[in-house]
Each structure stands twice: as structure tokens, then as C-alpha cells.
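Below you'll find the structure, written out as C-alpha cells, and then a few comments.
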Amino acid sequence: MIIAIDGPAASGKSTAAIGVAKCLGITYLDTGAMYRAVTFGLIDNNIGFRDSLNIEKFLEKIEIKFSESPSGLLLALNGRDITKEIRSKIVTDNVSEVSALKSVRKSMVLIQRKMGEADDCVLEGRDIGTVVFPNAEFKFFLIADEKARAERRLKDLKNIGEQSSIENVMIDLINRDHKDSTRMHSPLKKSDDAIIIDTSDLEINEVIDKIVNIVNYKGH
Ligand code: CDP
């Protein structure tokens, strides 16, 4: 069973997807973290975003591993833990450009399909219901107003010790959504058959319950 959760930046996808996966006892895959890992890897290896030859070489050997820990999900890129680094400003500022590259998308989608096919899985991202798993049994598209999204993201950043302001966070979210929605390959887009959930005024548990109830009602 595949549950696809897509939506714009900071719409509450990660927290909802983690909760749904826990509730149903199935695997969780944060595809945004994978694009962040590639972005970090390119910057760290001084590979320019237009250097297609070296990007291809980097992607051929890439190894992305998720593992659980008491403090949450850890992500390792080629054996190095980069859980914290992928949330840094430099990665956030560049991830939309990197995730628009065709070679990057091709390689990540292959990995995501492999991971998703191995087990029942909740995948969250931008193109899960449209491109990665267009035949997913369940598709959700989470939205929230800009103020709610900016407030949530500011809180996340404070928790990891990154300084910002509500204005800067809002500008980042709007810019990223614009880039993600207008790119040529796999843009952020609601799948026609996805259920929209507006999370602006919902507590996280209410979002999780809504999704779990729909999945349980339809049976799986
Ligand atoms: O958590 P947040 O909403 O800030 O974003 P994320 O899920 O970590 O995704 C970071 C970026 O990765 C997005 O802004 C997209 O550019 C890209 N992304 C994508 O292109 N396709 C996906 N399936 C997931 C993320």
C-alpha cells in the first residue's frame, strides 16, 4: 500500500506523514530530505549545479540511508550523517534549483520507487501522487495559509538553533513554492484524484486522524 502526501513547503506534510506511518505501523519516506541531501552533497563536493558530467558521476555513486534514533530520523549521505546539515539555510536556499534538474529527479525517483515497493509506505513530497506513484491507493494534498506555514517553519528553525524572522521565512516559502510549481520536470502539483486537507487551523493530531480514518475506512 502506498500513501502519497504532497503539498507546498511547510504545509505540515512531514509531521503528518510521520504520525500516519506510526499509527499504521508502516514505513515513512521523506523525499524532500533526499533532495536536500543531494543539494548538500553537490555543495560539499564543489560541484556546480550546471556541471552535468560531475552531477551524473556523483549520482551514480550516491547512497542515501535513513535510520531511526531516539531524537528522530537520521539521514546519512555516502556514510556521513548529515541530518542537521540538510536543514541549513544554504541547503534550503539551493534545494529548489537542484531538485529541478532532470538527472537528479530521475535518480531520486528510482530510489523512491524501490523503497516504496519494498513495503507499505507513506511518502511525502511534491510529485509522489503525480509522478513517483501515480497509482498510489491513497493520495493527499496538504495546504495551509502562508501565515500558518511561516509560523510553523520559524518554530522548526528555532528548534534547530537557526536564526530567522517571520518575514524572511515567508519570503523563502513563497519563492520555493514558485520555483517548485513552475519547473519543467515534475512540478509541485495536486494530482486530480488527491484529497485536499487544509491544515491552517488543524492540530497535528487532527490531520493524522483525518488521513488514518480515510485509509481505515476504505480498508487496506
Ligand atoms: O520541509 P519543506 O516543506 O521545507 O521541504 P522539503 O519537503 O524538505 O523539500 C525541500 C525541497 O525539495 C522542495 O522545496 C522541492 O524543491 C524539493 N522536493 C521535490 O522537488 N520533490 C519532492 N518529492 C520533494 C521535495
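Just so you know, ligand 1 is whichever comes first in the structure, and atom 1 is the first atom listed for that ligand. These numbers were taken from a predicted model, which means no experiment stands behind them. Computed from heavy atoms alone, side chains included, the values below leave out hydrogens, waters and symmetry copies. One is the number of the first residue; the rest follow in order along the sequence.
- Contact detail for Ile55 and Leu101: the closest heavy-atom pair is CD1-CD1, 3.9 Å.
- Counting heavy atoms from C-beta outward, Ile196 and Lys190 have side chains that approach closer than 4.5 Å.
- Of the listed options Leu29, Asn94, Val95, Thr15, Val95 places a heavy atom closest to atom 12 (O) of ligand 1.
- Residue Arg36 has at least one heavy-atom neighbour below 4.0 Å for each of these atoms of ligand 1: 2 (P), 4 (O), 5 (O), 6 (P), 8 (O), 10 (C).
- Residues Asp172 and Lys89 are not paired through a salt bridge, judged by the lack of any N-O separation under 4.0 Å between the basic side chain and the carboxylate.
- Atom NZ of Lys210 sits in a sparse spot, with 12 or fewer heavy atoms from other residues, nucleotides or ligands closer than 6.0 Å.
- Proximity of Ser96 to ligand 1, defined as any heavy-atom pair under 4.0 Å, is shared by backbone and side chain alike.
- For atom 25 (C) of ligand 1, the closest non-hydrogen atom on the protein side is Gly32 CA, 3.5 Å.
- Within the 4.5 Å cutoff, the side chain of Ile5 has heavy atoms near those of the Val122 side chain.
- For atom 24 (C) of ligand 1, the nearest protein heavy atom (residue, atom name, distance) is Thr31 OG1, 3.4 Å.
- Atom numbering of ligand 1 starts at 1 in the shown order; those under 4.0 Å from a heavy atom of Ala10 are 3 (O).
- Between the side chains of Arg183 and Ser99, at least one donor N or O lies within less than 3.5 Å of an accepting N or O.
- At a 4.0 Å heavy-atom cut-off, ligand 1 does not touch Met34 at all.
- Within ligand 1, the atoms closer than 4.0 Å to a non-hydrogen atom of Asp127 are 21 (N), 22 (C), 23 (N), numbered from 1 in the order shown.
- Within a 6.0 Å radius of CD1 in Ile214, other residues, nucleotides and ligands contribute more than 12 heavy atoms.
- In this structure, Asn159 places its CG atom where more than 12 heavy-atom neighbours from other residues, nucleotides or ligands lie under 6.0 Å away.
- Proximity annotation for atom 10 (C) of ligand 1: of Arg183, Arg176, Lys179, Arg105, Arg176 comes nearest, heavy atoms only.
- Taking a cut-off of under 4.0 Å to the non-hydrogen atoms of Asp180, the atoms of ligand 1 that pass are 13 (C), 14 (O), 15 (C), 16 (O).
- For atom 22 (C) of ligand 1, the nearest non-hydrogen atom from the set Arg153, Lys13, Arg126 belongs to Arg126.
- Side-chain contact check for Arg176 versus Val95: some heavy-atom pair is nearer than 4.5 Å.
- Of the heavy atoms in Arg87, only side-chain atoms (C-beta onward) come closer than 4.0 Å to ligand 1.
- Shown in contact with Ala9 at under 4.0 Å from a heavy atom are these atoms of ligand 1, numbered in order with element: 3 (O).
- The ligand atoms of ligand 1 that sit less than 4.0 angstrom from a heavy atom of Ser99 are 15 (C), 16 (O), 17 (C), 20 (O).
- Ligand 1 does not have Ser14 within reach: every non-hydrogen atom of the residue lies 4.0 Å or more from it.
- Taking the side chain as every heavy atom from C-beta outward, Phe49 and Ile43 approach each other to under 4.5 Å.
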